[in-house]
Protein chains: 2
Amino acid sequence: MPKNSEFIDKLRSSGLRPTKQRLKICEVLFKRDKTFHFTISDLAKNISEQLNQKISLATVYNTVHAFKNKGHLKEISINSSQSYFDTNITHHHHFLDEDTNELIDCDNDVIEKINVKNNLTGKKIKSVEVLIKVASDNQNQK
Amino acid sequence: MPKNSEFIDKLRSSGLRPTKQRLKICEVLFKRDKTFHFTISDLAKNISEQLNQKISLATVYNTVHAFKNKGHLKEISINSSQSYFDTNITHHHHFLDEDTNELIDCDNDVIEKINVKNNLTGKKIKSVEVLIKVASDNQNQK
DNA sequence: CAACAGTTTAGAATAGTTATAATGTAGTTT
DNA sequence: AAACTACATTATAACTATTCTAAACTGTTG
């Protein structure tokens, strides 16, 4: 479980000033032993409930984007109007439960390594992401 | 190249009334020989320019969602605030060019069939989608 | 501690999408 | 073919997630 000084290092070493707000957000995001998924509004809610503290919504957005750009968070795009973020920045894939809109990490053994055989785009591959959508069998079509 | 009567059948057989507006949208979406990707605003623009006609934006949204729910269109989620739709409803994957935000179909030979070895969710797999993000090599981190 | 660049903030602005409620229309019944 | 009914369309308002703005504040450097 990282200490506060580790968060300061983490921020400094990625060129971000360790402000009070960013350190609070680090506590909420990186102080647990398990990684997890969240939306911006989840996070804002957690900050005010868990820490009993108020951080401007704009700052929450700024910080999450800064963390994402520095590689401390990953953004996962699902078919939804909201973005999900993931504190697990290792390479992995996801299940999306369409009944609950919940995102679930795939363990490494769920899918074999994906080999892109022909990249005809002439550009460099930045990432290869798999999303497995699941739902109850009796689920009606939307 | 499908004729108008085929669109009427297509709509009727999926339980949608063949209205003037829906037939116009069918023309724009399904009358070409190639499949393509579009956003709602692309489509609205095409309708007014290509057909020199006005369809209410609400109707464009309703129709695209109806077509999607009936399986005539697929929705592709990329990391963006906008949704892309695809007239290619066969199973396939995508490249996303991060320089241009353009979506490019993967041919079947780009990726081997993906085998989900462990589905621990206890639910039925509805889809397995791969998104390969590409960019110029010299691209700066955002 | 002065100076400055980076950060935070509340609130306004924006963009994409959905809801509303009145009007119109396709298909069915008589 | 008139009447009926359920489904569609429409303009516009409302909503939601996100970004912008510009003023106030703060961490860092010299």
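Naming convention: chains lettered A, B, ... in sequence-line order (proteins, then strands); numbering from 1 in each chain.
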Practice item. Please tell me which of B/Ile40 and B/Thr19 maps to the more 5' nucleotide of DNA chain C, matching each residue to the nucleotide holding its nearest heavy atom. Key: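 Checking each residue's closest nucleotide, the 5'-ward one belongs to B/Ile40.
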Practice item. Tell me which of B/Leu57 and A/Leu16 sits closer to the 5' end of DNA chain C, going by the nucleotide each one is nearest to. Key: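 The residue mapped nearer the 5' terminus is A/Leu16.
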Starting from [atom2] on [N], measure out to [atom1] on [X] and report it in whole angstrom.
{"X": "B/Gln21", "N": "D/dT9", "atom1": "CD", "atom2": "P", "answer": "5 Å"}
{"X": "A/Lys70", "N": "C/dG6", "atom1": "NZ", "atom2": "C1'", "answer": "12 Å"}
{"X": "B/Ile55", "N": "D/dA11", "atom1": "CD1", "atom2": "P", "answer": "11 Å"}
{"X": "A/Tyr61", "N": "C/dG11", "atom1": "OH", "atom2": "C1'", "answer": "15 Å"}
{"X": "A/Arg12", "N": "D/dT28", "atom1": "CZ", "atom2": "C1'", "answer": "9 Å"}
{"X": "B/His65", "N": "C/dG16", "atom1": "NE2", "atom2": "P", "answer": "14 Å"}
{"X": "B/Glu75", "N": "C/dG16", "atom1": "CD", "atom2": "C1'", "answer": "12 Å"}
{"X": "A/Asn69", "N": "D/dT19", "atom1": "CG", "atom2": "P", "answer": "11 Å"}

Check your understanding: With side chains defined as the heavy atoms from C-beta onward, is the minimum distance between B/Lys68 and B/Lys74 less than 4.5 Å?
Key ->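 Contact flag for B/Lys68/B/Lys74 side chains = no.
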Check your understanding: Would you call B/Glu98 and A/Lys126 a salt bridge, using N to O less than 4.0 angstrom?
Key -> no
Check your understanding: Are B/Asp99 and A/Lys123 close enough for a salt bridge, meaning some N to O gap below 4.0 Å?
Key ->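 A salt bridge is present here (some side-chain N lies under 4.0 Å from a carboxylate O).
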Point to revise | Given D/dT26, C/dG27, D/dT28, the nucleotide with the shortest approach to the side chain of A/Lys20 | key: D/dT26
Under 4.0 Å: is that the gap between some side-chain N or O of [X] and OP1 or OP2 of [N]?
{"X": "A/Lys54", "N": "C/dA10", "result": "yes"}
{"X": "A/Arg17", "N": "D/dT26", "result": "no"}
{"X": "B/Thr59", "N": "D/dT10", "result": "yes"}
{"X": "A/Arg22", "N": "D/dG27", "result": "no"}

Practice item. Remember a base hit wins even if backbone is also touched, and classify A/Ser41 as base, sugar-phosphate or nothing at under 4.0 Å, heavy atoms. Key: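 Here A/Ser41 touches no strand at all.
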Check your understanding: Between B/His37 and B/Asp105, is any side-chain donor less than 3.5 angstrom from a side-chain acceptor?
Key -> yes
Check your understanding: Should the ring pair A/Phe30 and A/Phe7 be called parallel, tilted or perpendicular, given that the plane angle runs from 0 to 90° and is split at 30 and 60?
Key -> tilted
